[in-house]
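Model, not experiment: these values are computed from the prediction. Both ligands and their constituent atoms are indexed starting at 1 by order of listing.
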Amino acid sequence: MRKKLLVGNWKMNKTPSEAKAFALGCKDMVDYAVAHGIDVGVGPTFVCLAAVKENAPKDLIVAAQNCHFKPNGAYTGEISIPMLKEIGISWVILGHSERREYNGETSKVCNEKIKALLAADMTPLYCCGESLETFEKGETKAWVKTQIEEGFEGLTAEEAKKIVVAYEPIWAIGTGKSATKEIAEDTIAFIRGVLRDHFGAAAEEIRILYGGSVKPGNVREYMSQPDIDGALVGGASLELDSYKGLIEGLVG
Ligand code: PEP
């Protein structure tokens with residue numbers, strides 16, 4: 001039985017004091033989620049990670065939005081896994097479409113990062129998803145298959161189980177134009193099939209989230225689908241009221 005999961009991707013939003021206010025205000029809703037067997041988390045910017053980690057309830061997962069795969073060195077502007085680990089961060093979002101588009105993050109680089117995170121006993125949240133053009137050409141499945149295969153390249157089934165996947169069609173991110181629950185389920189079930197082909201029964205344990213204009217008003221639809229284990233949410237995760245609405249939607 002896969003545990004439901006909600007992760008808020010804060011992108012380049014919130015200053016440290018704003019992030020701290022969210023962390024201090026989310027205790028009751030995190031307790032409520034935990035009481036219902038749901039994992040919940042947020043992905044603040046690097047400069048907000050410590051403020052959230054120090055002020056949030058311990059059950060709130062705090063994820064970085066990126067990391068480097070090397071432990072240290074001449075990589076100006078980068079953040080390493082040991083740096084994150086030392087401040088108590090154990091999850092990292094990888095391969096978000098915005099980082100793929102603006103920062104040249106490829107699935108092959110994500111694979112290096114995934115291996116480094118797993119070696120550090122941390123959890124990668126690996127994103128995949130197609131552009132509108134790819135969707136309209138009917139090539140979504142071939143596209144995400146490549147992203148999944150390159151991201152998971154060289155892993156054992158035991159390692160694969162520790163990864164969380166997010167399927168986020170780019171045309172649905174921040175556009176208000178969410179994928180229907182049928183489209184989301186169809187692609188996510190396909191992704192699970194690709195994982196099954198490579199890792200056998202371990203695929204049933206891998207959590208796969210949907211992301212793309214998820215709101216408190218539509219999250220229940222996605223959660224009604226058998227292969228969708230939760231949501232990766234941008235805009236609607238920024239305010240406490242809306243975040244609470246998302247948690248309530250996951251509860252059912
Ligand atoms: C995201 O950033 O991962 C995302 C899904 O954004 P939004 O919920 O705003 O579409």
Quiz item: For ligand 1, which atoms, with element, lie under 4.0 Å from some heavy atom of V233?
Solution: 8 (O)

Self-check item: Per-atom contacts of ligand 1 with G212, taking only distances under 4.0 Å to non-hydrogen atoms
Solution: 5 (C), 10 (O)

Quiz item: What is the closest protein heavy atom to atom 5 (C) of ligand 1, and at what distance does it sit?
Solution: E168 OE2, 3.0 Å

Quiz item: Looking at H96, which atoms of ligand 1 are within less than 4.0 Å of one of its heavy atoms?
Solution: 1 (C), 2 (O), 3 (O)

Quiz item: Which ligand 1 atoms, with their elements, are less than 4.0 angstrom from a heavy-atom of A172?
Solution: 10 (O)

Quiz prompt | G174: numbered ligand 1 atoms lying under 4.0 Å from its heavy atoms | solution = 7 (P), 9 (O), 10 (O)

Quiz item: Side chains of K113 and N66: do they bring a donor and an acceptor to under 3.5 Å?
Solution: yes

Exercise. Return the option from G235, S97, G234 holding the heavy atom at the smallest distance from atom 4 (C) of ligand 1.
Key: G234

Practice problem: Give, for atom NE2 of H68 and atom CD of E112, the distance between the pair rounded to the nearest 0.5 Å. | Solution: 9.5 Å

Quiz item: Would a line drawn from the ring center of W143 to the ring center of F135 be shorter than 6.0 Å?
Solution: no

Quiz item: Counting from 1, what ligand 1 atoms have a heavy atom of N9 closer than 4.0 Å?
Solution: 1 (C), 2 (O), 3 (O)

Quiz prompt | Distance in Å, Y126 OH paired with I206 CD1, rounded so as to fall on 0.5 Å steps | solution = 12.5 Å

Quiz prompt | Residue K53 excluded, over 12 heavy atoms near NZ under 6.0 Å | solution = yes

Exercise. Scan side-chain atoms only and decide if Q147 and S107 contain a donor-acceptor pair under the 3.5 Å cut-off.
Key: no

